[in-house]
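Structure record follows, encoded as C-alpha coordinates.
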Number of protein chains: 2
Amino acid sequence: MALGKDYLGQDCSLSRALELLGERWTLLVVQNALYGVRRFNDFQVRLDIPKAVLSDRLVRLTEGGVLEKRQYQASPPRFEYLLTDAGVELWPVVYALSVWSHRHIGGEPPRLFRHADCRTKLLPTGDCPECGPVAAGDVEMYPGPGPKRDDPVSRAMNRPRRLLEPVVPEPA
Amino acid sequence: MALGKDYLGQDCSLSRALELLGERWTLLVVQNALYGVRRFNDFQVRLDIPKAVLSDRLVRLTEGGVLEKRQYQASPPRFEYLLTDAGVELWPVVYALSVWSHRHIGGEPPRLFRHADCRTKLLPTGDCPECGPVAAGDVEMYPGPGPKRDDPVSRAMNRPRRLLEPVVPEPA
DNA sequence: TCCCTAGGTTCATTGAACGAACCTAGGAGT
DNA sequence: ACTCCTAGGTTCGTTCAATGAACCTAGGGA
(Lines give C-alpha, C1' and ligand atoms only; values in the text may rest on other atoms or scores of the structure.)
Protein backbone atom coordinates (compact mmCIF):
# COMPACT_ATOMS: atom_id res chain seq x y z
CA MET A 1 0.00 0.00 0.00
CA ALA A 2 1.64 3.15 -1.14
CA LEU A 3 2.56 6.00 1.16
CA GLY A 4 1.26 4.90 4.49
CA LYS A 5 -0.23 1.61 5.45
CA ASP A 6 -1.70 3.28 8.50
CA TYR A 7 -4.89 5.23 9.05
CA LEU A 8 -3.61 7.57 11.74
CA GLY A 9 -6.43 10.08 11.89
CA GLN A 10 -9.21 7.52 12.17
CA ASP A 11 -11.15 6.96 15.35
CA CYS A 12 -12.58 3.50 14.77
CA SER A 13 -11.57 -0.03 15.66
CA LEU A 14 -11.94 -1.07 12.04
CA SER A 15 -9.08 1.18 10.94
CA ARG A 16 -6.77 -0.47 13.48
CA ALA A 17 -7.75 -3.89 12.17
CA LEU A 18 -7.09 -2.77 8.62
CA GLU A 19 -3.63 -1.48 9.48
CA LEU A 20 -2.74 -5.07 10.32
CA LEU A 21 -5.00 -7.07 8.00
CA GLY A 22 -5.90 -4.68 5.21
CA GLU A 23 -2.77 -4.83 3.10
CA ARG A 24 -2.68 -6.68 -0.17
CA TRP A 25 -2.42 -10.49 0.31
CA THR A 26 -2.68 -10.37 4.10
CA LEU A 27 -6.21 -11.73 4.50
CA LEU A 28 -5.51 -14.46 1.93
CA VAL A 29 -2.54 -15.55 4.03
CA VAL A 30 -4.81 -15.77 7.08
CA GLN A 31 -7.42 -17.68 5.08
CA ASN A 32 -4.87 -20.24 3.97
CA ALA A 33 -3.54 -20.55 7.51
CA LEU A 34 -7.12 -21.43 8.53
CA TYR A 35 -7.14 -23.99 5.72
CA GLY A 36 -4.07 -25.63 7.26
CA VAL A 37 -1.18 -24.07 5.34
CA ARG A 38 1.79 -23.53 7.67
CA ARG A 39 5.04 -23.29 5.72
CA PHE A 40 6.63 -20.46 3.78
CA ASN A 41 6.92 -22.41 0.57
CA ASP A 42 3.40 -23.77 0.80
CA PHE A 43 1.95 -20.27 1.14
CA GLN A 44 4.13 -19.18 -1.75
CA VAL A 45 3.12 -22.03 -4.05
CA ARG A 46 -0.57 -21.79 -3.25
CA LEU A 47 -0.84 -18.00 -3.51
CA ASP A 48 1.74 -17.15 -6.20
CA ILE A 49 2.80 -14.25 -4.02
CA PRO A 50 6.20 -12.58 -4.38
CA LYS A 51 8.47 -14.02 -1.72
CA ALA A 52 9.48 -10.62 -0.39
CA VAL A 53 5.84 -9.68 0.13
CA LEU A 54 5.03 -13.02 1.78
CA SER A 55 8.00 -12.60 4.09
CA ASP A 56 6.82 -9.13 5.07
CA ARG A 57 3.25 -10.29 5.69
CA LEU A 58 4.30 -13.23 7.83
CA VAL A 59 6.47 -10.95 9.96
CA ARG A 60 3.71 -8.39 10.36
CA LEU A 61 1.08 -11.00 11.20
CA THR A 62 3.47 -12.55 13.72
CA GLU A 63 4.24 -9.19 15.32
CA GLY A 64 0.52 -8.44 15.33
CA GLY A 65 -0.31 -11.60 17.27
CA VAL A 66 -2.19 -13.36 14.48
CA LEU A 67 0.49 -15.94 13.70
CA GLU A 68 3.20 -17.61 15.75
CA LYS A 69 6.51 -18.72 14.19
CA ARG A 70 7.71 -22.12 15.42
CA GLN A 71 10.70 -24.26 14.58
CA TYR A 72 9.42 -27.71 13.65
CA GLN A 73 12.79 -29.31 12.90
CA ALA A 74 16.26 -28.58 14.24
CA SER A 75 18.60 -29.66 11.49
CA PRO A 76 18.35 -28.20 9.02
CA PRO A 77 16.36 -25.51 10.85
CA ARG A 78 12.84 -25.28 9.45
CA PHE A 79 9.92 -23.12 10.53
CA GLU A 80 6.16 -23.05 10.41
CA TYR A 81 3.58 -20.36 11.09
CA LEU A 82 0.61 -21.30 13.28
CA LEU A 83 -2.50 -19.23 13.94
CA THR A 84 -2.82 -17.89 17.46
CA ASP A 85 -6.21 -17.88 19.19
CA ALA A 86 -6.67 -14.34 17.90
CA GLY A 87 -5.92 -15.57 14.39
CA VAL A 88 -8.43 -18.41 14.63
CA GLU A 89 -11.07 -15.89 15.66
CA LEU A 90 -10.76 -14.32 12.21
CA TRP A 91 -12.52 -17.37 10.76
CA PRO A 92 -16.02 -15.81 10.99
CA VAL A 93 -14.77 -12.70 9.20
CA VAL A 94 -13.11 -14.69 6.42
CA TYR A 95 -16.14 -16.94 6.03
CA ALA A 96 -18.69 -14.09 6.05
CA LEU A 97 -16.74 -12.25 3.37
CA SER A 98 -16.49 -15.39 1.24
CA VAL A 99 -20.23 -15.97 1.50
CA TRP A 100 -20.93 -12.34 0.63
CA SER A 101 -18.70 -12.66 -2.41
CA HIS A 102 -20.45 -15.77 -3.62
CA ARG A 103 -23.89 -14.17 -3.17
CA HIS A 104 -23.16 -10.76 -4.65
CA ILE A 105 -20.20 -11.13 -6.98
CA GLY A 106 -20.89 -14.67 -8.14
CA GLY A 107 -18.65 -17.54 -9.11
CA GLU A 108 -18.78 -21.10 -7.91
CA PRO A 109 -17.04 -21.72 -4.59
CA PRO A 110 -14.19 -24.26 -4.86
CA ARG A 111 -14.64 -25.25 -1.21
CA LEU A 112 -17.69 -25.56 1.04
CA PHE A 113 -17.99 -25.65 4.81
CA ARG A 114 -20.21 -27.62 7.19
CA HIS A 115 -20.41 -28.44 10.86
CA ALA A 116 -18.29 -31.60 11.20
CA ASP A 117 -20.53 -33.08 13.94
CA CYS A 118 -23.88 -32.87 12.10
CA ARG A 119 -22.79 -32.18 8.51
CA THR A 120 -25.12 -29.17 8.28
CA LYS A 121 -24.02 -26.32 6.04
CA LEU A 122 -23.03 -23.23 8.04
CA LEU A 123 -24.94 -19.97 8.16
CA PRO A 124 -23.16 -16.87 6.79
CA THR A 125 -22.24 -15.99 10.38
CA GLY A 126 -20.32 -19.27 10.69
CA ASP A 127 -22.88 -20.67 13.13
CA CYS A 128 -24.59 -24.03 12.59
CA PRO A 129 -28.37 -23.73 12.01
CA GLU A 130 -28.90 -26.85 14.19
CA CYS A 131 -26.26 -26.52 16.90
CA GLY A 132 -25.51 -22.79 17.21
CA PRO A 133 -21.94 -21.48 17.43
CA VAL A 134 -19.23 -23.74 15.94
CA ALA A 135 -15.54 -23.61 16.84
CA ALA A 136 -13.28 -23.25 13.82
CA GLY A 137 -11.76 -26.67 14.53
CA ASP A 138 -15.20 -28.23 14.20
CA VAL A 139 -15.73 -26.87 10.71
CA GLU A 140 -15.21 -29.36 7.90
CA MET A 141 -14.06 -28.10 4.52
CA TYR A 142 -14.95 -30.15 1.44
CA PRO A 143 -14.66 -29.59 -2.33
CA GLY A 144 -17.35 -27.46 -3.98
CA PRO A 145 -18.33 -27.06 -7.64
CA GLY A 146 -15.89 -24.25 -8.48
CA PRO A 147 -12.58 -24.63 -10.32
CA LYS A 148 -9.53 -25.37 -8.21
CA ARG A 149 -5.90 -24.43 -8.59
CA ASP A 150 -3.59 -27.19 -9.69
CA ASP A 151 -0.57 -27.07 -7.45
CA PRO A 152 0.58 -29.60 -4.81
CA VAL A 153 -0.73 -27.54 -1.89
CA SER A 154 -4.16 -26.93 -3.43
CA ARG A 155 -4.45 -30.61 -4.38
CA ALA A 156 -3.72 -31.62 -0.80
CA MET A 157 -6.68 -29.46 0.28
CA ASN A 158 -9.19 -31.36 -1.87
CA ARG A 159 -9.75 -34.21 0.57
CA PRO A 160 -12.45 -33.25 3.11
CA ARG A 161 -10.67 -31.93 6.16
CA ARG A 162 -11.21 -29.83 9.24
CA LEU A 163 -10.01 -26.26 9.42
CA LEU A 164 -6.55 -25.89 10.98
CA GLU A 165 -5.63 -29.49 10.16
CA PRO A 166 -2.10 -29.21 8.69
CA VAL A 167 -1.85 -29.46 4.91
CA VAL A 168 0.73 -32.03 3.82
CA PRO A 169 1.39 -31.69 0.08
CA GLU A 170 2.76 -34.70 -1.75
CA PRO A 171 6.34 -34.14 -2.87
CA ALA A 172 6.60 -33.47 -6.60
CA MET B 1 -2.24 -1.30 -4.33
CA ALA B 2 0.78 -1.49 -6.55
CA LEU B 3 0.99 -3.57 -9.69
CA GLY B 4 -2.29 -5.34 -9.79
CA LYS B 5 -5.27 -4.90 -7.56
CA ASP B 6 -6.46 -8.29 -8.74
CA TYR B 7 -5.73 -11.81 -7.58
CA LEU B 8 -6.08 -13.55 -10.92
CA GLY B 9 -4.64 -16.93 -10.11
CA GLN B 10 -6.70 -17.46 -6.97
CA ASP B 11 -9.54 -19.95 -6.79
CA CYS B 12 -11.50 -18.66 -3.83
CA SER B 13 -14.48 -16.37 -3.32
CA LEU B 14 -12.51 -14.33 -0.83
CA SER B 15 -10.05 -13.18 -3.48
CA ARG B 16 -12.93 -11.90 -5.61
CA ALA B 17 -14.30 -9.97 -2.65
CA LEU B 18 -10.88 -8.49 -1.96
CA GLU B 19 -10.48 -7.31 -5.55
CA LEU B 20 -13.48 -5.06 -4.91
CA LEU B 21 -13.22 -4.33 -1.18
CA GLY B 22 -9.58 -5.00 -0.31
CA GLU B 23 -7.94 -1.82 -1.54
CA ARG B 24 -6.78 0.85 0.83
CA TRP B 25 -9.69 2.99 2.21
CA THR B 26 -12.43 0.94 0.53
CA LEU B 27 -13.82 -0.83 3.59
CA LEU B 28 -13.70 2.41 5.59
CA VAL B 29 -15.84 4.04 2.90
CA VAL B 30 -18.35 1.18 3.22
CA GLN B 31 -18.29 1.47 7.01
CA ASN B 32 -19.06 5.17 6.86
CA ALA B 33 -21.82 4.57 4.33
CA LEU B 34 -23.35 2.19 6.89
CA TYR B 35 -23.00 4.96 9.47
CA GLY B 36 -25.08 7.23 7.22
CA VAL B 37 -22.47 9.19 5.26
CA ARG B 38 -23.68 9.75 1.71
CA ARG B 39 -21.92 12.71 0.13
CA PHE B 40 -18.50 13.08 -1.46
CA ASN B 41 -17.42 15.91 0.78
CA ASP B 42 -18.69 14.22 3.92
CA PHE B 43 -16.65 11.09 3.19
CA GLN B 44 -13.67 13.29 2.45
CA VAL B 45 -13.95 15.34 5.63
CA ARG B 46 -14.57 12.35 7.87
CA LEU B 47 -11.83 10.12 6.41
CA ASP B 48 -9.14 12.66 5.39
CA ILE B 49 -8.77 10.66 2.22
CA PRO B 50 -7.20 12.15 -0.93
CA LYS B 51 -10.02 13.23 -3.21
CA ALA B 52 -8.64 11.35 -6.20
CA VAL B 53 -8.61 8.12 -4.19
CA LEU B 54 -12.10 8.72 -2.83
CA SER B 55 -13.37 9.38 -6.33
CA ASP B 56 -11.82 6.13 -7.56
CA ARG B 57 -13.24 4.11 -4.66
CA LEU B 58 -16.75 5.49 -5.08
CA VAL B 59 -16.68 4.64 -8.79
CA ARG B 60 -15.40 1.13 -8.14
CA LEU B 61 -17.91 0.45 -5.36
CA THR B 62 -20.69 1.75 -7.60
CA GLU B 63 -19.57 -0.41 -10.52
CA GLY B 64 -19.27 -3.34 -8.13
CA GLY B 65 -22.85 -3.01 -6.96
CA VAL B 66 -22.07 -1.94 -3.39
CA LEU B 67 -23.10 1.70 -3.80
CA GLU B 68 -25.58 3.49 -6.00
CA LYS B 69 -25.01 7.07 -7.17
CA ARG B 70 -28.13 9.24 -7.06
CA GLN B 71 -28.81 12.85 -7.87
CA TYR B 72 -30.51 14.42 -4.88
CA GLN B 73 -30.83 17.94 -6.26
CA ALA B 74 -31.16 19.18 -9.84
CA SER B 75 -29.73 22.68 -9.77
CA PRO B 76 -26.94 22.86 -9.07
CA PRO B 77 -26.58 19.10 -9.72
CA ARG B 78 -25.58 17.30 -6.53
CA PHE B 79 -25.09 13.60 -5.88
CA GLU B 80 -25.16 11.11 -3.06
CA TYR B 81 -23.97 7.52 -2.75
CA LEU B 82 -26.37 5.03 -1.16
CA LEU B 83 -25.62 1.47 -0.14
CA THR B 84 -27.35 -1.19 -2.22
CA ASP B 85 -28.80 -4.28 -0.56
CA ALA B 86 -25.49 -6.00 -1.26
CA GLY B 87 -23.68 -3.14 0.44
CA VAL B 88 -25.90 -3.30 3.52
CA GLU B 89 -25.09 -7.00 3.79
CA LEU B 90 -21.48 -6.05 4.49
CA TRP B 91 -22.55 -4.81 7.92
CA PRO B 92 -21.84 -8.15 9.66
CA VAL B 93 -18.36 -8.25 8.14
CA VAL B 94 -17.55 -4.69 9.17
CA TYR B 95 -18.93 -5.24 12.65
CA ALA B 96 -17.17 -8.59 13.19
CA LEU B 97 -13.85 -7.08 12.17
CA SER B 98 -14.37 -4.10 14.49
CA VAL B 99 -15.15 -6.41 17.41
CA TRP B 100 -12.10 -8.55 16.61
CA SER B 101 -9.95 -5.43 16.57
CA HIS B 102 -11.22 -4.25 19.92
CA ARG B 103 -10.67 -7.69 21.49
CA HIS B 104 -7.25 -8.45 20.04
CA ILE B 105 -5.62 -5.15 19.16
CA GLY B 106 -7.18 -3.04 21.89
CA GLY B 107 -8.28 0.56 22.06
CA GLU B 108 -11.57 1.95 23.24
CA PRO B 109 -14.36 1.91 20.66
CA PRO B 110 -15.71 5.39 19.89
CA ARG B 111 -19.10 3.93 18.95
CA LEU B 112 -21.12 1.00 20.26
CA PHE B 113 -23.99 -0.94 18.72
CA ARG B 114 -27.18 -2.42 20.14
CA HIS B 115 -30.46 -3.82 18.92
CA ALA B 116 -32.73 -0.76 18.69
CA ASP B 117 -35.85 -2.71 19.73
CA CYS B 118 -34.53 -4.22 22.99
CA ARG B 119 -31.37 -2.14 23.60
CA THR B 120 -29.28 -5.33 24.00
CA LYS B 121 -25.64 -5.17 22.92
CA LEU B 122 -25.00 -7.21 19.78
CA LEU B 123 -22.99 -10.42 19.59
CA PRO B 124 -19.81 -10.36 17.45
CA THR B 125 -21.83 -11.94 14.63
CA GLY B 126 -24.16 -8.94 14.63
CA ASP B 127 -27.03 -11.01 16.01
CA CYS B 128 -28.98 -9.97 19.12
CA PRO B 129 -28.55 -12.40 22.04
CA GLU B 130 -32.27 -12.01 22.86
CA CYS B 131 -33.92 -11.72 19.45
CA GLY B 132 -31.61 -13.47 16.99
CA PRO B 133 -30.71 -11.92 13.62
CA VAL B 134 -31.00 -8.14 13.39
CA ALA B 135 -31.40 -6.14 10.17
CA ALA B 136 -28.79 -3.40 9.78
CA GLY B 137 -31.53 -0.78 9.92
CA ASP B 138 -32.53 -2.03 13.37
CA VAL B 139 -29.05 -1.51 14.80
CA GLU B 140 -28.63 1.58 16.93
CA MET B 141 -25.22 3.24 17.12
CA TYR B 142 -24.36 5.27 20.21
CA PRO B 143 -21.19 6.92 21.54
CA GLY B 144 -18.68 4.68 23.32
CA PRO B 145 -15.75 5.54 25.60
CA GLY B 146 -13.12 5.96 22.88
CA PRO B 147 -11.85 9.28 21.49
CA LYS B 148 -13.75 10.74 18.57
CA ARG B 149 -12.66 12.82 15.63
CA ASP B 150 -13.57 16.47 15.73
CA ASP B 151 -15.02 17.35 12.36
CA PRO B 152 -18.59 18.33 11.44
CA VAL B 153 -19.44 14.89 10.05
CA SER B 154 -18.05 12.97 13.02
CA ARG B 155 -19.85 15.33 15.42
CA ALA B 156 -23.13 14.68 13.65
CA MET B 157 -22.63 10.97 14.31
CA ASN B 158 -22.44 11.39 18.09
CA ARG B 159 -26.19 11.49 18.69
CA PRO B 160 -27.57 7.92 19.02
CA ARG B 161 -28.85 6.92 15.63
CA ARG B 162 -29.73 3.90 13.55
CA LEU B 163 -27.41 2.58 10.89
CA LEU B 164 -28.13 3.95 7.40
CA GLU B 165 -29.89 7.03 8.80
CA PRO B 166 -28.45 9.92 6.76
CA VAL B 167 -25.82 12.01 8.51
CA VAL B 168 -26.60 15.74 8.34
CA PRO B 169 -23.56 17.74 9.46
CA GLU B 170 -24.18 21.26 10.74
CA PRO B 171 -22.78 23.85 8.35
CA ALA B 172 -19.56 25.41 9.61
C1' DT C 1 -18.79 41.55 -9.36
C1' DC C 2 -16.93 38.56 -6.25
C1' DC C 3 -17.03 34.74 -3.25
C1' DC C 4 -18.72 30.24 -1.68
C1' DT C 5 -20.03 25.39 -2.13
C1' DA C 6 -20.26 20.64 -4.00
C1' DG C 7 -18.04 17.53 -6.52
C1' DG C 8 -14.79 16.55 -8.56
C1' DT C 9 -9.73 16.33 -12.04
C1' DT C 10 -4.61 17.04 -12.84
C1' DC C 11 0.01 16.33 -11.79
C1' DA C 12 4.70 15.64 -9.71
C1' DT C 13 6.53 12.93 -5.91
C1' DT C 14 6.97 8.86 -3.04
C1' DG C 15 7.26 4.27 -1.84
C1' DA C 16 4.96 -0.45 -1.99
C1' DA C 17 4.41 -4.54 -5.04
C1' DC C 18 6.54 -7.27 -8.47
C1' DG C 19 9.60 -10.92 -10.09
C1' DA C 20 13.98 -12.51 -11.40
C1' DA C 21 18.26 -13.51 -9.40
C1' DC C 22 20.75 -14.67 -5.64
C1' DC C 23 22.05 -16.69 -0.96
C1' DT C 24 22.73 -20.22 2.89
C1' DA C 25 22.95 -24.47 5.25
C1' DG C 26 22.09 -29.21 5.51
C1' DG C 27 21.06 -33.74 3.32
C1' DA C 28 20.91 -36.94 -0.57
C1' DG C 29 22.73 -39.06 -4.75
C1' DT C 30 26.68 -40.68 -7.45
C1' DA D 1 34.45 -35.13 -3.10
C1' DC D 2 31.40 -33.15 -5.71
C1' DT D 3 27.12 -31.88 -7.25
C1' DC D 4 22.16 -31.31 -6.79
C1' DC D 5 18.08 -30.39 -4.21
C1' DT D 6 15.16 -28.25 -0.67
C1' DA D 7 13.43 -24.84 2.69
C1' DG D 8 13.35 -20.36 3.74
C1' DG D 9 14.35 -16.63 2.79
C1' DT D 10 17.09 -11.54 0.89
C1' DT D 11 18.42 -8.09 -2.81
C1' DC D 12 17.45 -5.03 -6.28
C1' DG D 13 15.81 -2.54 -10.48
C1' DT D 14 11.19 -1.60 -12.52
C1' DT D 15 6.40 -0.40 -12.40
C1' DC D 16 2.50 1.82 -10.83
C1' DA D 17 -0.91 3.22 -6.98
C1' DA D 18 -1.36 6.69 -3.08
C1' DT D 19 -0.61 11.32 -1.72
C1' DG D 20 -1.70 16.20 -1.41
C1' DA D 21 -1.58 20.60 -3.34
C1' DA D 22 -3.44 23.13 -7.00
C1' DC D 23 -6.88 23.67 -10.13
C1' DC D 24 -11.60 23.42 -12.42
C1' DT D 25 -16.76 24.05 -13.17
C1' DA D 26 -21.36 25.51 -12.56
C1' DG D 27 -24.84 27.55 -9.84
C1' DG D 28 -26.30 30.66 -5.81
C1' DG D 29 -25.90 34.32 -2.62
C1' DA D 30 -24.24 38.95 -0.97
Side-chain angles (χ1 to χ4, degrees), chain A residues 1-10 15 18-19 22-29 37-62 67 69-81 152-153 166-172, chain B residues 1-10 15 18-19 22-29 37-62 67 69-81 152-153 166-172:
Chain A
M1 228 155 271
L3 278 181
K5 42 193 100 194
D6 48 18
Y7 298 96
L8 276 174
Q10 301 311 308
S15 63
L18 291 177
E19 289 179 359
E23 291 178 283
R24 183 159 163 76
W25 295 111
T26 303
L27 210 55
L28 292 176
V29 169
V37 178
R38 297 183 166 193
R39 300 185 186 178
F40 188 96
N41 274 289
D42 290 349
F43 283 109
Q44 209 272 315
V45 164
R46 162 108 172 108
L47 288 173
D48 272 333
I49 174 178
K51 289 175 163 197
V53 176
L54 176 57
S55 179
D56 176 80
R57 297 303 183 269
L58 291 172
V59 168
R60 286 178 54 72
L61 285 170
T62 303
L67 296 177
K69 183 174 184 173
R70 267 202 357 189
Q71 189 163 337
Y72 67 85
Q73 159 182 311
S75 174
R78 293 288 183 261
F79 304 94
E80 63 187 356
Y81 296 87
V153 181
V167 165
V168 183
E170 294 171 24
Chain B
M1 224 156 275
L3 277 181
K5 40 193 100 194
D6 49 18
Y7 298 97
L8 276 173
Q10 301 311 306
S15 63
L18 291 177
E19 289 179 358
E23 290 177 284
R24 184 158 161 75
W25 295 111
T26 302
L27 210 55
L28 292 176
V29 169
V37 177
R38 297 183 165 193
R39 300 186 185 177
F40 189 95
N41 274 290
D42 290 348
F43 283 110
Q44 209 271 317
V45 164
R46 162 107 173 109
L47 288 172
D48 272 334
I49 175 178
K51 290 175 163 198
V53 176
L54 176 57
S55 179
D56 176 79
R57 296 303 185 270
L58 291 172
V59 167
R60 284 178 56 71
L61 285 170
T62 302
L67 296 177
K69 183 174 184 173
R70 267 202 356 189
Q71 189 163 338
Y72 67 85
Q73 160 181 312
S75 175
R78 293 288 183 261
F79 304 93
E80 63 186 357
Y81 296 86
V153 181
V167 165
V168 182
E170 294 170 24

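Given the structure is predicted, the values throughout are model-derived calculations rather than measurements. Proteins come first, then strands; the chains are lettered A, B, ... in the order of their sequence lines, and each starts at number 1.
- Within the structure, every side-chain polar atom (N or O) of A:W25 is placed at least 4.0 Å from both OP1 and OP2 of C:dA16.
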Practice item. Starting from the C-alpha separation in whole Å, work towards a yes-or-no answer on side chain to side chain contact (heavy atoms under 4.5 Å, CB included) for A:R38 and A:Y81. Key: CA-CA 5 Å; A:R38 297 183 166 193; A:Y81 296 87; 5.8 Å; no
Revision key, fill the gap. Contact string for nucleotides 3-11 of chain D, one letter per nucleotide 5' to 3', B = base within protein heavy-atom range under 4.0 Å, S = sugar-phosphate only, - = neither, reads ---BBBBBB
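- If you find the closest nucleotide of DNA chain C to A:P50 and to A:P76, the one lying nearer the 5' end belongs to A:P50.
- If you measure from atom CD of A:Q71 to atom P of C:dA25, you get 15 Å, rounded to the nearest angstrom.
- If you measure from atom CD of B:Q73 to atom P of C:dT5, you get 15 Å, rounded to the nearest angstrom.
- Contact check, B:R24 against C:dA16: no side-chain N or O comes under 4.0 Å of OP1 or OP2.
- The distance from atom CG of A:D6 to atom C1' of C:dG15 is 13 Å, rounded to the nearest whole Å.
- A:F43 does not carry A:R57 over the face of its six-membered ring by the limits of under 6.0 Å from the centre and within 45° of the normal.
- Heavy atoms of A:V53 sit under 4.0 angstrom from primed sugar atoms or phosphate atoms, though from no base atom.
- Of the candidates D:dA18, C:dG27, D:dG27, the closest approach to any side-chain atom of A:S75 belongs to C:dG27.
- Atom CG of A:L8 is separated from atom C1' of D:dT19 by 14 Å (rounded to the nearest Å).
- Here the straight-line distance linking atom CD1 of B:I49 with atom OG1 of B:T26 works out to 7.5 Å at 0.5 Å rounding.
- In this structure, the side chain of A:Q10 engages the main chain of B:L47 through a donor-acceptor pair within 3.5 Å.
- Remark: the backbone N or O of A:L58 is paired with a side-chain donor or acceptor of A:T62 at under 3.5 angstrom.
- Taking atom CD1 of B:I49 as the reference point, atom P of D:dA17 lies 16 Å away to the nearest angstrom.
- Rounded to whole angstrom, the span from the CG atom of B:L54 across to the C1' atom of D:dT19 amounts to 14 Å.
- To the nearest 0.5 Å, atom CZ of residue B:R39 and atom CD of residue B:E80 are 6.5 Å apart.
- When the P atom of D:dC16 is taken as reference, atom CD of B:E23 falls 15 Å away, rounded to whole Å.
- For the atom pair CZ of B:R24 and CG of B:D56, the computed distance is 13.5 Å after rounding to the nearest 0.5 Å.
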